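Quick notes on the structure that follows.
Source: prediction; values computed, not measured. For this chain, numbers begin at 1 and follow the sequence in order.
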Amino acid sequence: MSLSDHPKAYGTAALTVAFVAGIFVTLGFKDLYPELENRYQQRRKRNGRTNTTTSSTVGSRRDSILFGPVSLEDRESFLTTIDRGMGIVEGIEGTIGNTPLVKIRSLSEATGCTILAKAEFLNGAGGSPKDRVALNMIEVAEEQGLLVPNRGDTIYEGTVGSTGISLAVLARARGYKAHICMPDDMAREKSDLLIHLGADVERVTPAPITEPKHFVNLARTRAKEHTANPDTESRGFFADQFESLANYTAHMNTTGPEIFEQTGGRLDAFVAGAGTGGTISGVTKYLKEERKMTNLRVVLADPQGSGLYNKIRHGVMYSPTEREGTRRRQQVDTMVEGIGITRITENFETARSLIDDAVRVTDDQACRMARWLVEHDGIFIGSSSAVNCVAAVVTALKMPKGSRVVTILCDSGTRHLSKFWKHIGEMGLEEETQKQDEDLLAMLGLEQRKN
């Protein structure tokens, strides 16, 4: 009697055969199509979702009942993979870097170029590109034995704010104390934040760099005094962000490669300001020297009163505000904080010959740009970021349409409320919402592109 005489038996047999065939196909799938498995693993590696243990088990996972026993991954390795996939990082240091590259729509539309901004204010330790620098300076000092965790060592630095904040956060995270010297005309919220972070803060009267009481020189002196104290085994470490080459190398090793990867190597100009000079030097050296992007146009964004603009454009370090009796302040005649200086640092010098041009930005332009970005893009930035954005617009107008210009958003506006944003309010820029059809270029006093 055949199976056709018994429909139920026939159906059961067919279902059984199909089920068994399905098992064989499933277990043998990766053996039949190994290239798919390889592509899958490569994709996981690119996304950072695999590790040495999981990679080494690729071959065993393709085993089946047809070709041998299946080797299972241990639970610890599996959980490690899951943790990485969820974005779990080790300590506050793990939040530094890999910041997004943001297209600023309003600036791109106004210039006919794509203007991209590296959102460095989203670094998770101190909220600025100085996170990268502070971490690298500490790690280099540890490697050299200049800092030993939990020995009572103190990190000393002279800063206008951002580097000090990054150092204060990372010092606590790695077992150190922080002592910050800063000019007393910086925004008050910066020193308040430093105090809340557990740092000792000295606000000093601005003075020329040649004087011992200049905030940088004072920090150096404090570190020496600490180390020379016979009553303690702890040491004082002067971070020296202006001259330490751990500054620019932090950006050469991280910020530059990130920008290259995020743009796929397709960028025509890079625009950044300079205080210590670490960001513009590090990124420029990576892109122009290591990636051989010789056609890349690098432009310095410089606030009024700084001497770097003339150094790049004319080869002479000079600003009209350096004339006797014309300064509002001792260092740089601008309300912009974080960039602008009247001397050449070691970090800036490392890439000065690779910088193609410079744009001078007035305080008025910086204030108007900051307000524009709030109204049109919902981006709330500080003074140095505003200078970078103005310079990016000026640079874009000189380039062919469709060019890609990358700049840096260094800081959030939350650290500039009592000074920069207070002045914006006093200018009346917040009294009326800017009209959506307002001309950005006319507002900044710039000419329309000619090509």
Side-chain angles (χ1 to χ4, degrees), residues 117 120-121 127-130 158-165 182-191 206 209 215-216 241-242 271-280 299-312 317 319-322 326-343 345 348 358-374 379-395 407-427 429 443-446:
E120 285 293 276
F121 66 90
S128 79
K130 298 301 185 180
T159 169
V160 298
S162 293
T163 304
I165 293 168
M182 64 188 304
D184 62 10
D185 59 352
M186 295 294 104
R188 189 76 203 187
E189 51 266 31
K190 292 184 178 181
S191 58
I209 187 64
F215 64 99
V216 173
Q241 60 166 328
F242 287 89
V271 180
T276 65
T279 302
I280 192 168
V299 179
L300 169 74
D302 211 33
Q304 66 182 52
S306 173
L308 297 180
Y309 169 85
N310 281 322
K311 188 66 175 178
I312 296 300
M317 176 66 76
S319 171
T321 57
E322 291 299 292
T326 61
R327 296 184 187 180
R328 291 201 309 265
R329 320 181 25 190
Q330 291 288 346
Q331 185 184 18
V332 177
D333 186 24
T334 178
M335 71 175 58
V336 174
E337 298 179 7
I339 59 174
I341 195 171
T342 55
R343 61 189 175 90
T345 67
F348 188 77
V359 173
R360 173 169 286 160
V361 178
T362 66
D363 285 356
D364 181 79
Q365 288 175 318
C367 290
R368 292 181 183 279
M369 173 59 77
R371 188 60 199 163
W372 171 278
L373 290 174
V374 168
I379 299 175
F380 186 52
I381 56 174
S383 55
S384 56
S385 299
V387 169
N388 284 346
C389 288
V390 173
V393 168
V394 173
T395 300
T407 191
I408 304 289
L409 296 183
C410 317
D411 48 2
S412 166
T414 55
R415 293 184 184 170
H416 299 263
L417 299 177
S418 64
K419 186 178 176 182
F420 182 66
W421 276 96
K422 180 182 178 182
H423 184 73
I424 290 174
E426 292 171 348
M427 291 174 65
L429 297 178
M443 181 191 70
L444 296 176
L446 302 177

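In this structure, the side chains of R188 and K419 stay at 4.5 Å or more apart for every pair of heavy atoms. Between I341 and L308, the closest side-chain pair of non-hydrogen atoms falls below 4.5 Å. Put simply, the side chain of D185 reaches to within 4.5 Å of the side chain of P206, judged on heavy atoms. F348 is not listed as a side-chain neighbour of R343, based on a closest heavy-atom distance of 4.5 Å or more. M443 is not listed as a side-chain neighbour of Q365, based on a closest heavy-atom distance of 4.5 Å or more. When side chains are defined from C-beta on, M317 does not count as touching N310, because their heavy atoms never get closer than 4.5 Å. Residues T276 and K130 meet the side-chain proximity criterion, which asks for heavy atoms closer than 4.5 Å. For the pair P303/V361, no side-chain contact is recorded, criterion being any heavy-atom separation below 4.5 Å from C-beta on.
In this structure, D184 has no salt bridge (charged side-chain N to carboxylate O under 4.0 Å, His left out) partners at least two apart in sequence or on a different chain. Listed by chain and residue number, nothing satisfies the side chain to side chain donor-acceptor pair (under 3.5 Å) test with S128 (two or more places apart in sequence, or in another chain).
Looking only at atom types and distance, the side chain of Q304 has no donor-acceptor partner in the side chain of T362 under 3.5 Å away.
In this structure, D302 contributes its side chain and R360 its backbone to no donor-acceptor pair below 3.5 Å. Of the possible polar contacts, none joining the T407 side chain to the A272 backbone as a donor-acceptor pair under 3.5 Å is found. In this structure, N388 contributes its side chain and I408 its backbone to a donor-acceptor pair below 3.5 Å.
Contact between T159 and P183 at its shortest, heavy atoms only, is O-CD, 3.7 Å. For the pair F420 and A386, the tightest heavy-atom approach, listed with the atom from each and the gap, is CZ-CB, 4.2 Å. Minimum heavy-atom separation, A301 to V271: CB-CG1, 4.2 Å. Residues T279 and P129 come closest through the heavy atom pair OG1-CB, 4.4 Å. For the residue pair D411 and S383, the shortest heavy atom distance occurs at OD2-N, 3.9 Å. Listed here is the closest heavy atom pair of M182 and V160: CE-O, 3.6 Å.
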I would like to know whether I280 and L300 meet side chain to side chain contact (heavy atoms under 4.5 Å, CB included); could you show each step before the answer? CA-CA 8 Å; I280 192 168; L300 169 74; 4.2 Å; yes
For Q241 and T163, run side-chain hydrogen bond (donor to acceptor under 3.5 Å, both in side chains): C-alpha distance rounded to whole Å, both residues' side-chain angles, the deciding distance at 0.1 Å, then the answer. CA-CA 8 Å; Q241 60 166 328; T163 304; 2.6 Å; yes
Stepwise side chain to side chain contact (heavy atoms under 4.5 Å, CB included) check, M427 with D364: CA-CA 9 Å; M427 291 174 65; D364 181 79; 3.2 Å; yes
When you look at C367 and M335, which way does the side chain to side chain contact (heavy atoms under 4.5 Å, CB included) test go after all the steps? CA-CA 10 Å; C367 290; M335 71 175 58; 4.0 Å; yes
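Separating the NZ atom in K190 from the OG1 atom in T414 is a distance of 10.5 Å, to the nearest 0.5 Å. Taking OG1 from T334 and CG from D363, the interatomic distance works out to 3.5 Å, rounded to the nearest 0.5 Å. Distance CG/L409 to CD1/I379: 6.0 Å, rounded to 0.5 Å. The line from CE of M369 to CD1 of I424 is 11.5 Å long, rounded to the nearest 0.5 Å.
By the 30° and 60° cut-offs, the orientation of the rings of F380 relative to W421 is tilted.
Between E337 and R415 there is no salt bridge, since no side-chain N of the basic residue sits under 4.0 Å from a carboxylate O of the acidic one.
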